[in-house]
Structures are given as C-alpha cells and as structure tokens.
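Below is one structure; the comments refer to it alone.
Just so you know, these numbers come straight off a predicted model, no measurement behind them. By convention in this document, chain letters (A, B, ...) are assigned in the order of the sequence lines, proteins followed by strands, and residues within each chain are numbered from 1.
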Number of protein chains: 2
Amino acid sequence: MADSRKDRKGAVTIHDVARRAGVSPMTVSRVMNEAPGVKDATRKTVQDAVEALGYAPNAAARSLARQGGGRIGLLYSNPSAGYLSEFLVGALDGAQKTGALLLIEKCDPNPESERAAVGRLIAGGASGVILPPPHGESYAALSELKDGEVAVVAVAAGRFRSDASAVRIDDFAAAAEMTRHLLELGHRRIGFIKGASNQTASAERLLGFETEMRAAEPAATALIEAGEFTYRSGLEAAERLLSARRPPTAIFASNDDMAAGVLTAAHRKGLDVPGALTVVGFDDTSIATAVWPELTTVRQPVAEMAEAAVRILSDDIRGRGQARSDAPVDRLVTHTLVVRDSCGPAPTAD
Amino acid sequence: MADSRKDRKGAVTIHDVARRAGVSPMTVSRVMNEAPGVKDATRKTVQDAVEALGYAPNAAARSLARQGGGRIGLLYSNPSAGYLSEFLVGALDGAQKTGALLLIEKCDPNPESERAAVGRLIAGGASGVILPPPHGESYAALSELKDGEVAVVAVAAGRFRSDASAVRIDDFAAAAEMTRHLLELGHRRIGFIKGASNQTASAERLLGFETEMRAAEPAATALIEAGEFTYRSGLEAAERLLSARRPPTAIFASNDDMAAGVLTAAHRKGLDVPGALTVVGFDDTSIATAVWPELTTVRQPVAEMAEAAVRILSDDIRGRGQARSDAPVDRLVTHTLVVRDSCGPAPTAD
DNA sequence: GTCGTTTCTGTTAGCGGTAACATCAAAGGG
DNA sequence: CCCTTTGATGTTACCGCTAACAGAAACGAC
C-alpha cells in the first residue's frame, strides 16, 4: 500500500521516473521527446514507469532548459463569441504538451494595432506566432512577422499562402456539403449570406455553395446577399432575402452569428423555423446552441486546430538550425456537419 | 559600441540588468518582486536599468526557481459564450505575471463530472483551483477540493462563503444601479427575469432590483419571471411578460444571453427596441454587442477578476508554511453600468 | 574603540529539464 | 585480433531565477 506514494507536492520528476525505470534521467527525457536512438525495450520500460507514476513533464523546466525553446505568440482580436475560448483551450493544451510558453496579445483588427501587437510579441521573445482569423490574412501582421524572422501559422484562413503555414478546414468542401444537405431536404430556392470580403474563407464558402447549386438536379435558385460575419449584417441580409417577391425556403449564412441574425429576422416576420424557413450556419461556435432553435452548422474542430498550430510552431522552432524549415505546412483538418433543429424539409406549398 | 548588445535571442536576463545597474542579480530579483529591504536609491537604479533594457522576467525560470511556485487549476464548463475567453485571457495574464502554471480542465455542470475533473486537477499537482461560475457554488467541487487541501477561489459567486476565497462584484448594488437607471428613464412597469436558482448571484440581483423598485418614487410595478440564464429561457419569459394584459415598458434580464432572447421575443412581436420596449442585460459578455441593438448592461471586469483569482492563489501558495492562510479573501471588484442602444425613455403613451 | 544590531547586498546552490559531449558495448573490416 | 564505426546510454553543465544564508557597511551604546 505504501506504493504509489507521491503525497504532497504533486511533483513527480523525471528523476523519479528514471529511478523507477532503472535508467538515467536523460533517457527518460529522450523517451518523452520521442528522440531517436533509444532501444525499444528501454523505451517500453520508461513508458511503463511514466504511466505508473503519472509523470508529466514540468513545462517551466522544459522551456527553460530548451533555451526559450518555445515562446509562441498568439494574436487575438475579437473573433465571434466563443471561438476564442475554444481556441485558447486548445492552444493551452498544445503548449502544455509541447512545453511551449504562450504569449497572448490582444489587438484590434486594423493594421496599426496589429503591427504594434506583433511588435510586443517579438519583443517578448516569441519565435513563432499563431494568427487566428482574421489576422491570418493581414498583410500588416504577416509582413511585420516576416521581418522579425518569426515562424507563422495562420489558422482557418481560407486558402494556403506560401509565406505562412496553415491549419484549416476545407471551406469549399464543407460549404458544398451543407448545400447538398439543403438540397436533399428538398429546398430549391436557397439564400446565401456571404462573409466578410477580407477573408478568403468567405470566398471559398461561397464557391462551395455555388458549385453545388449549379449541379443541383432538379435545378435550384441561389439568392446571394452580402454579409460581414456579424449578427446585424445577418439580420439585415435576411430581411432583404425574406422580403423578396419569392423568398427562399432556406438560408445558409456563412457563419453562426449571421445565422442567429437570420433567426431573429425570421421571428420578426412570424416565420416558423424550421417549419417555414430553414436556417443554417457555419463554424459551430457557442452561439449556435445558445439560440433557439439550435443551429444546424458546420463544426470546425477549433481546439484541435489551435493545438495543431502550436505543435507546428513548436516543432519548427526546435528543428531550427538543421533543415532551415523553409517549407510551410498546410494542415487540413476534418470538419463535421452538425444537424440540429433549425433545418427541415422544404415547405410543400410551392 | 559594444554597448547595448542583446542581439539575437530577445533575451535580456536578470544578469544583464544587474551588470548595467552595478548590482548583483539577487538585488534585481528583489526589486522585481517588490521584496522589502532594498535601499530606495538602489531600487531606483535597478528600475532604470530594467526600463532601459526592456527587461521582462522569464516566467519559466521564475516558476521553476520558486519551486512549483504554483500550479493553479481552472475548472470550466460552458459558461455563457465569450465569458470563458475573457476569463482565460485574464487568468493567463495573471499566470504569466506571477509565474504560475495553469492547468485547465473541462467538466460538465454536474457533481459527478465536477468531482472527476477536480480529481484530475489534484493529480496534476494543482495547489490551488479557480472556480468560475457556476462551480463556485458546487458542493461536490468544493468538498472534493477541501479534502485535497487545495486552496480555492470562487469567481463571481453571489455571496461570500467561509470555505473559499472569492472574487466578485457586488451583484446587489449593480442590479440596484441598473434598476435606478430604468426608473430614471421613466419606466414604471418593469419586468425582471431571474437567473438560475443554483447561483446565489441570481438572488442578489433580484434583491437589488426589488429593493430599488420598492423605493421608487412615484411607485413602480415589478413583474418577475423565472429564467435559467439561457437564451431560450429569456425568450420564453419575455413572451410571458409581453403577452400580459399590461406588459412592461422595460425588461431587465439577469444576464445578456437572456436579454438577447428578450430582444428576439420583442422583434417577434414587432416591438421596436428601444422605442416601444427597453431591454437591459447583465455581464457584458460578447453577445451584448453581437446583437442589435447593442445591449445596455452591467460590465463585470471578467479578465481582471480572473487575474485577481490567480494572484490570490499564487500568493497563498507561496505564503504557505508561515501564517497558515486560514482566512479566505473576499475581493470585491468594481462593476460599471454600460449604457448602449437598447434602452430609452418610457413610451409616453400610458 | 569594541561590540552588538540593524540594514542592506552578495554568494551559493538548486529548481526540473535538456544540449552537448563522454562512455561503453557490440558490430564490422582489414 | 586490433581498430574503427555505430548505437545506446550516462555525465556534465547550464538555462534564468530565487531561497536561504553569509557578509559587509552603518549606527549606536557602553
């Protein structure tokens, strides 16, 4: 019973593991970092010891020993509600696992502010920076970062660019998939609300929608309105759409905030959702389940993406010196169509 | 010319500062930590050097040297959208400054899950845990934590309890203030939507509202409905309120999500906000500005509160051993009434 | 003037890891 | 059979900072 006694300080160190496994701390370190040159048998022994003791490397010590081996900056402004929290959770998780230190810095979505924030990040010693939307496509941020010789990962940017790594979903395919879903429900007049024009993801989503609509059989009609990714722009676009002579039976908004706006517009008009109007969003942010009825939407694994971004940078930073990692990574992660209560079959009354 | 040479690694260390100030690193450390026993003149010299070099302590090293100077756990479930991100940002900031390590752990808002999550936190070596709402009032979490001899800070719990420190605003006063604002706008029939009954903050807010209403001059009528802090419950409560024979001219929802629901209900009824109905919320989460019109609400400095929570724990953990800190802290932070577009004078038509 | 005291400042050691090099055994090569 | 070569591990030193203690002035008091 006096076995797994680790009492007070939850501090299981690498030495404890080493002792139990009968190896040196260095070997344990190697195993933890998946370094090559450890015999399989030894690796196994160590892993067992790690598990038995519930060892988790001390991020602070690791970061210290690795010589600033990873200070990763994270620029954020005010992406649609709930996005950031999930993003942070993922990033934090990744940071913990890779032993990187996260520096987070807020900025407004304008070049001036971005430049300043990037400056602070660099001053803080960041050797890599993560750019969640919409900064991943900001020239100001990108160029400033390039000057600083800092590795960059853009998250959820619609298209891949050669000067930064990317973690994203296939916006085109996702939008197409959603459109197909609507078509399968029988909708033939479908409204689409575009996203902000400064993000390539908007264009990709529109393209996915249009492509699928054109391929629809029997033919379907697309009604396209502009939007800005905000609740209000969604509401207004929906009002335009719904006051048309022949309004759509379904509206596909390029993000959840706008879809929430559509919901409000529908309610205002006394339209039942999903009875009289189907509404779908994109992103699966928390507003998707905060509103009623809950939104059918496309889920981006935000946390996972953030974690991936941290990993990419962490690896890149560590690998520095050898193969000057000139080749940016383009990691595509899988999205999911989440069907909730806001969509239904097209009303039969034609 | 070989002067301010700090080149490549943006790494200004405590030694650099020490050299420039002509003192030992230890003295610099003391200055940075506001430790007593440093001559004013010396302190000044050091501070100048710090400024000149742009020195910022290395969090990793600090945390390491302080001996696990703090592994702080953070339990989160799914508080209303946007709350968590702001909270995390604050907590992260605090962690950075105090050199604490943040362990975050997700759970569902039920005893089972809370207990498990707390367990993981303790296993991870947390010596203090932060409980954002609604966990700050969960018996399961609190008792589990107590058994583990872990310091606890409950954030935004409505009332202070003797077994945990607290960081919160004065919900009573804030609600009273908001009510006064509505009264001053001339409203005399005011609807109030209560928050979830498992949080004492709900009761405090109600109390603040009622107290002020009773004191109103000329007399005012309060119409109170139950709510659950969710969008949907707000929408439903508002529908009950607005379909009354004599509906209120203003509705005060206990949080922003519910206020957003009220907005939808109003739109659905064709009521202009704020022309025909004034709607106000509470918390100033991101949904407050995502909807339209933007909500008048009470701002809680969430980030600041999270940072304070980290600080309290960090101090407590460091101070361990000497004065066994048996006395929990009760830190009240100041809220602000944020007036936006969703409120206006009472309609004159009586 | 000598000896506490008090007040400031410097030294030493070590937090938990890891880079870089040293070591040592087994494997080939001539 | 000796000498590389290779692969698997152990050693040493140090990352940047801070406890804990040691030392050095400054100041009275006797």
Side-chain angles (χ1 to χ4, degrees), chain A residues 9-19 21-46 50 53 55-71 96 98-101 125 314 317-322, chain B residues 6 9-19 21-46 50 53 55-71 96-101 125 314 317-322:
Chain A
K9 300 282 128 197
V12 183
T13 79
I14 202 170
H15 293 90
D16 300 331
V17 178
R19 201 168 322 119
V23 299
S24 80
M26 194 61 229
T27 302
V28 178
S29 168
R30 277 193 267 260
V31 172
M32 295 306 290
N33 295 294
E34 298 168 25
V38 179
K39 219 194 308 186
D40 278 1
T42 314
R43 186 182 297 276
K44 182 86 176 53
T45 319
V46 172
V50 166
L53 263 40
Y55 167 71
N58 178 323
R62 180 181 275 186
S63 152
L64 186 54
R66 287 226 255 255
Q67 262 275 63
R71 253 135 116 144
Q96 177 117 34
T98 60
L101 220 64
S314 197
I317 292 166
R318 257 218 277 174
R320 280 255 170 101
Q322 36 204 45
Chain B
K6 55 173 184 177
K9 298 282 126 196
V12 183
T13 79
I14 202 170
H15 291 91
D16 301 331
V17 178
R19 202 170 320 120
V23 298
S24 81
M26 194 60 229
T27 301
V28 178
S29 167
R30 276 193 267 260
V31 172
M32 293 308 290
N33 294 294
E34 296 168 27
V38 179
K39 220 196 306 186
D40 279 359
T42 314
R43 187 181 297 277
K44 182 87 176 51
T45 318
V46 173
V50 167
L53 264 40
Y55 167 71
N58 178 323
R62 177 181 277 185
S63 150
L64 187 54
R66 282 197 187 148
Q67 260 276 60
R71 249 134 117 148
Q96 177 118 34
K97 284 181 192 154
T98 61
L101 218 67
S314 198
I317 292 165
R318 256 219 279 174
R320 281 257 170 100
Q322 36 204 43

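Remark: C1' of C:dT7 and CG of B:Asp40 are 13 Å apart, rounded to the nearest angstrom. Rounded to whole Å, the distance from NZ on B:Lys39 to P on D:dA24 is 16 Å. The interatomic distance linking A:Arg66 (CZ) with C:dA19 (C1') rounds to 11 Å, in whole Å. To the nearest angstrom, P of C:dC15 lies 12 Å from CG of A:Asp16. Distance CG (A:Asn58) to C1' (C:dT18): 13 Å, rounded to an integer number of Å. As a whole-Å value, the separation of A:Arg19 CZ from C:dG16 P is 11 Å. Going from atom CD1 of B:Ile14 over to atom C1' of D:dA19 covers 13 Å, rounded to whole Å.
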Please write out each protein N/O paired with an N/O of nucleotides 24-26 of chain C under 3.5 Å, distance rounded to 0.1 Å.
none

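Every residue meeting the side-chain contact (heavy atoms from CB on, under 4.5 Å) condition with B:Ser29, not counting sequence neighbours, appears here in chain and number order: B:Ile14, B:Met26, B:Asn33. Not counting sequence neighbours, the partners of B:Lys44 by the salt bridge (Lys or Arg N to Asp or Glu O under 4.0 Å) test are B:Asp48. The side-chain contact (heavy atoms from CB on, under 4.5 Å) check on A:Ala61 picks up A:Asn58, B:Leu64, with sequence neighbours excluded. Taking B:Arg19 as the reference, B:Asp16 meet the salt bridge (Lys or Arg N to Asp or Glu O under 4.0 Å) condition, with sequence neighbours excluded.
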Should B:Arg30 and B:Val46 be marked as a side chain to side chain contact (heavy atoms under 4.5 Å, CB included) after you check the CA-CA gap, both sets of side-chain angles, and the distance that decides it?
CA-CA 10 Å; B:Arg30 276 193 267 260; B:Val46 173; over 6 Å; no
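The side chain of A:Thr42 contributes an N or O atom lying less than 4.0 Å from OP1 or OP2 of D:dT9. Residue B:Asn33 places at least one side-chain N or O closer than 4.0 Å to OP1 or OP2 of D:dT18.
What you find for B:Ala18 and B:Pro25 is that their closest heavy atoms are CB-N, 3.6 Å. The shortest heavy-atom contact between B:Glu34 and B:Arg43 is CA-NH1, 4.3 Å. For the residue pair A:Val12 and A:Leu53, the shortest heavy atom distance occurs at CG2-O, 3.6 Å.
Closest to the A:Leu64 side chain, of the nucleotides D:dC17, C:dC15, D:dC15, is D:dC15. With C:dG17, D:dG16, C:dG10 as the choices, the nucleotide that has an atom nearest any side-chain atom of B:Val23 turns out to be C:dG10. Distance from the side chain of B:Arg62 is smallest for D:dC17 among the nucleotides C:dG17, D:dC17, C:dC8. In this structure, the nucleotide among C:dG17, C:dT9, C:dG14 sitting nearest to the side chain of B:Ala65 is C:dG14.
Where B:Pro36 and A:Thr13 meet DNA chain C, the nucleotide closest to each residue was compared, and B:Pro36 sits on the side nearer the 5' end.
Of the residues in residues 24-32 of chain B, those placing a heavy atom less than 4.0 Å from an atom of DNA chain D are B:Met26, B:Ser29, in numerical order.
Within the 4.5 Å cutoff, no side-chain heavy atoms of A:Thr45 are placed close to those of A:Val23.
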